[in-house]
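Here is the structure we will look at.
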Amino acid sequence: MTDAQGATPTFRSDVTVELVRSAATDTDVLWAARVSTAGEQSLEALQQDPEKSKGLINFLMRDRHGTPFEHNSMTFFVSAPIFVFREFHRHRAGWSYNEESGRYRELQPVFYVPGEERKLVQVGRPGKYEFHEGTAEQYKQVTDSMERAYRQAYAEYQEMLAAGVAREVARAVLPVGLFSSMYATCNARSLMHFLSLRTKDERATVPSFPQREIEMVAEQMEAQWATLMPLTHAAFNAHGRVAP
């Protein structure tokens, strides 16, 4: 992006996830598993068709032999609101992160506003929340309030920068609805754990009720991972979407 000086705030209701690098196939699970019983002969699995050994992948998933699912890597470039990353960074085992810094660059005026399909009304108590559609009036109030607050916050940020205030100080006025970007690297096992908590799926043995915005990120990650490791993804679904 270019320098943000004088830029007009823009508003988004989407998130984006790009798979920028991967070394992840179903075959990776097989040779990692077979070293237990075959030792150096497990190297032969590097050339095998994983389709012929999907039973082994299902066995490992079913009985929760998890380490064979760690011998792979995926790096995603994620663009989402800061409040999504604050939730995302709670996932530490098997994950590496690097996020853009408000200390070292002038932050761009791109902000999150929920789309019309986003449920707005929370009903119930902690642990038993339900979310319902908002009215047209509520959606307009949300949109108007957020956009007004974002514009004011970014104008104050720009004024401080223009006065010579350090970026790391001026950024404190910006809201968590500001878009940020990061690289997130994981393996299939850590991704499955993330998906088990950050997606709501009827096939899940243990139900999860994630905030919609991080679920939007998780859904895109899952779709790209499913293309790389279709047998592992199918086994994950078949066995209740529980990370091994």
Side-chain angles (χ1 to χ4, degrees), residues 1-22 73-92 95-120 134 138-186 190-191 194-195 198-199 210-225:
M1 293 184 179
T2 58
D3 193 298
Q5 186 70 34
T8 301
T10 57
F11 308 104
R12 291 174 53 182
S13 60
D14 65 325
V15 300
T16 57
V17 177
E18 178 183 357
L19 180 68
V20 297
R21 185 185 66 182
S22 66
S73 178
M74 294 163 279
T75 298
F76 300 93
F77 184 74
V78 184
S79 178
I82 288 174
F83 67 81
V84 169
F85 290 173
R86 297 298 80 80
E87 287 196 330
F88 210 127
H89 292 164
R90 297 182 183 186
H91 298 268
R92 297 183 295 278
W95 287 90
S96 298
Y97 304 105
N98 277 92
E99 185 181 350
E100 69 174 282
S101 173
R103 296 184 67 193
Y104 303 121
R105 68 169 306 196
E106 186 172 335
L107 297 171
Q108 304 295 307
V110 182
F111 298 94
Y112 176 75
V113 173
E116 293 184 8
E117 73 285 352
R118 207 310 186 179
K119 294 180 179 179
L120 297 179
Q138 287 172 319
Y139 179 75
K140 183 177 187 304
Q141 181 177 8
V142 168
T143 301
D144 290 349
S145 295
M146 286 187 173
E147 291 186 4
R148 183 168 58 250
Y150 290 152
R151 292 181 192 279
Q152 179 62 33
Y154 199 76
E156 299 290 349
Y157 173 68
Q158 289 283 286
E159 287 183 14
M160 283 189 279
L161 294 182
V165 175
R167 295 187 186 99
E168 66 182 54
V169 176
R171 65 176 174 170
V173 76
L174 295 173
V176 294
L178 181 77
F179 266 75
S180 186
S181 60
M182 71 171 178
Y183 289 104
T185 299
C186 64
S190 54
L191 180 59
F194 174 77
L195 296 175
R198 302 301 183 178
T199 60
Q211 182 165 338
R212 179 55 191 154
E213 286 75 14
I214 196 169
E215 185 178 34
M216 290 159 61
V217 172
E219 288 170 347
Q220 292 187 45
M221 285 185 162
E222 180 170 3
Q224 295 178 62
W225 168 58

Any side-chain heavy-atom pair of F77 and V17 under 4.5 Å: no

Distance in Å, I214 CD1 paired with M221 CE, rounded so as to fall on 0.5 Å steps: 9.0 Å

Mind checking the OG1-CD spacing from T143 to Q138? Nearest 0.5 Å is all I need. 11.5 Å

Are R198 and E219 close enough for a salt bridge, meaning some N to O gap below 4.0 Å? no

Measure from the side-chain N and O atoms of Y150 to the backbone N and O of Y112, and report whether any donor-acceptor pair falls under 3.5 Å. yes

Would you check, one step at a time, whether the test side chain to side chain contact (heavy atoms under 4.5 Å, CB included) holds for M182 with N98? CA-CA 5 Å; M182 71 171 178; N98 277 92; over 6 Å; no

Closest approach of V15 and A80, non-hydrogen atoms and distance? CG1-CB, 3.9 Å

So, do W225 and M74 sit near enough that their side-chain heavy atoms are less than 4.5 Å apart? yes

Is any side-chain heavy atom of L178 closer than 4.5 Å to a side-chain heavy atom of P109? no

Distance col, row L120:CG vs Y139:OH, nearest 0.5 angstrom, shows 8.5 Å

Take S13 and V113 through the test side chain to side chain contact (heavy atoms under 4.5 Å, CB included) and record every step on the way to the result. CA-CA 5 Å; S13 60; V113 173; 5.7 Å; no

Between R86 and E99, is there a salt bridge with N-O shorter than 4.0 Å? yes

So, using salt bridge (charged side-chain N to carboxylate O under 4.0 Å, His left out) as the criterion, who are the partners of E147 when residues are at least two apart? none

Interatomic distance, CZ@F83 vs CD@E87, rounded to 0.5 Å, equals 8.0 Å

Between P175 and A153, what is the shortest heavy-atom contact and its length? CD-CB, 3.9 Å

Looking at Q141, I want to see if its CD is surrounded by more than 12 non-hydrogen atoms of other residues, nucleotides or ligands under 6.0 Å. no

Looking at side-chain heavy atoms only, is the closest gap between V78 and T16 below 4.5 Å? no

So, Q224 side chain and L19 main chain: donor-acceptor pair closer than 3.5 Å or not? yes

Atom CD in Q108, atom OG1 in T10: separation rounded to 0.5 Å? 9.0 Å

Taking side chain as C-beta onward, heavy atoms only, is V20 less than 4.5 Å from Y183? yes

Report yes or no: do E18 and Q220 form a side-chain donor-acceptor pair below 3.5 Å? no

Within a strict 4.5 Å, meaning less than it, do heavy atoms of the L174 and Y154 side chains meet? yes

Would you say the side chains of S96 and T185 form a donor-acceptor pair under 3.5 Å? no

salt_bridge(R167, E106) N-O dist < 4.0 Å: no

Looking at CG of L195 and CD of E215, how far apart are the two atoms once the value is rounded to the nearest 0.5 Å? 10.5 Å

Testing the basics here: between M146 and P114, what is the closest heavy-atom pair and its distance to 0.1 Å? SD-CD, 3.5 Å

Does a donor on one side chain sit under 3.5 Å from an acceptor on the other, for S181 and E100? yes

Around R212, counting heavy atoms of other residues, nucleotides and ligands shown, do more than 12 lie under 6.0 Å from its CZ? yes

Check whether any side-chain heavy atom of F179 sits under 4.5 Å from a side-chain heavy atom of I82, and report yes or no. no

For F88, enumerate each residue passing the ring-ring contact (aromatic ring centres under 6.0 Å, His included) test, keeping only those at least two apart in sequence or located in another chain. W95, Y97, F194

